[in-house]
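Written out below as structure tokens is the structure these notes cover.
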Amino acid sequence: MSEPILPSEEYLRALQSWPFAAWRDLPAAMAAGWYRGRGRADEVHDGLWLFVTGGWEGNESILCSAMRSVAWYILGWRALILPGGVCICAVSDEAQMRLARVYEYITTQLKTVG
């Protein structure tokens, strides 16, 4: 199997310049260019997006470009970033509540680790 083509500079620039008012649409735009052969980009519940880079530089470039956008100023407050290239984003209020429960579960479990 051949290596996938990296995202174009034009696509990455479009993510970086994503408009503030359209922040809810940013995850779908990210998913459109995501290489799923080495990662994951899915709306797992209404408005709750899961991104896993799979270590592929193209997916990491997409995530980094999105994080440089002004839209990320809102989305970043509604996201959970984990080691290993995992990002969970909430674009609806229901999704934000789900994400808050995930965050609470993780932080509660960490308290028991010592």
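Each residue takes its place number in the sequence, starting with 1.
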Here the gap from S69 atom OG to F20 atom CZ, rounded to the nearest 0.5 Å, amounts to 10.0 Å
Return yes if some donor-acceptor pair links the side-chain N/O of S65 with the main-chain N/O of I62 below 3.5 Å, else return no. no
Would you confirm whether N59, through its side chain, and W34, through its main-chain N or O, come within 3.5 Å as a donor-acceptor pair? no
Test: R78 and D93 ion pair at under 4.0 Å: yes
Side chain to side chain, E9 and L12, heavy atoms closer than 4.5 Å: yes
Is there side-chain contact between W72 and L26, with heavy atoms separated by less than 4.5 Å? yes
Grouping I, L, V, M, F, W and Y whenever their side-chain heavy atoms are under 4.5 Å apart, do L15 and W56 come out in a common cluster? no
The reported gap from CD in Q96 to OH in Y103 (rounded to nearest 0.5 angstrom) is 12.0 Å
Supply the atom-to-atom distance R68 CZ to S17 OG, rounded to the nearest 0.5 angstrom. 12.5 Å
How far does CE of M30 sit from SG of C87, to the nearest 0.5 angstrom? 5.5 Å
Kindly indicate whether the side chain of L48, heavy atoms from C-beta on, has any atom under 4.5 Å from the side chain of C89. no
Determine whether a donor-acceptor pair (N or O, by modelled atom type, separation under 3.5 Å) exists between the side chain of W18 and the backbone of V70. no
Gap separating the OH atom of Y35 from the CG atom of L6, nearest 0.5 angstrom: 11.5 Å
Are the side chain of S92 and the backbone of A95 linked by a donor-acceptor contact shorter than 3.5 Å? yes
Do the side chain of R38 and the main chain of E57 share a donor and acceptor less than 3.5 angstrom apart? no
Do you reckon V102 sits in the same ILVMFWY cluster as V52, going by side-chain contacts under 4.5 Å, direct or chained? yes
Verify the cluster assignment for L75 and Y73: are they in a single hydrophobic cluster under the rule of side-chain heavy atoms below 4.5 Å apart? yes
Flag yes if more than 12 heavy atoms outside E60 fall under 6.0 Å of its CD atom; otherwise flag no. yes
Cluster link L99 to L63, ILVMFWY, side chain under 4.5 Å: no
Does the side chain of R36 come within less than 4.5 Å of D42's, by heavy atoms? yes
Please find the pair of heavy atoms, one from W23 and one from A90, that lie closest to each other, and give the distance. CZ3-O, 4.0 Å
Nearest heavy-atom pair of W49 and A31: which atoms, and what distance? CZ3-CB, 3.6 Å
All heavy atoms of E43 vs all of D46, minimum pair found to be OE2-C, 3.7 Å
Test I81 against I88 for side chain to side chain contact (heavy atoms under 4.5 Å, CB included), laying out the working first. CA-CA 7 Å; I81 311 248; I88 307 167; over 6 Å; no
With heavy-atom distances below 4.5 Å as the criterion, would you say the side chains of L80 and L82 are in contact? yes
How long is the straight-line distance from CZ of R13 back to CD of Q16, given to the nearest 0.5 Å? 8.5 Å
Flag, side chain of Y11 to backbone of G33, donor-acceptor distance under 3.5 Å: yes
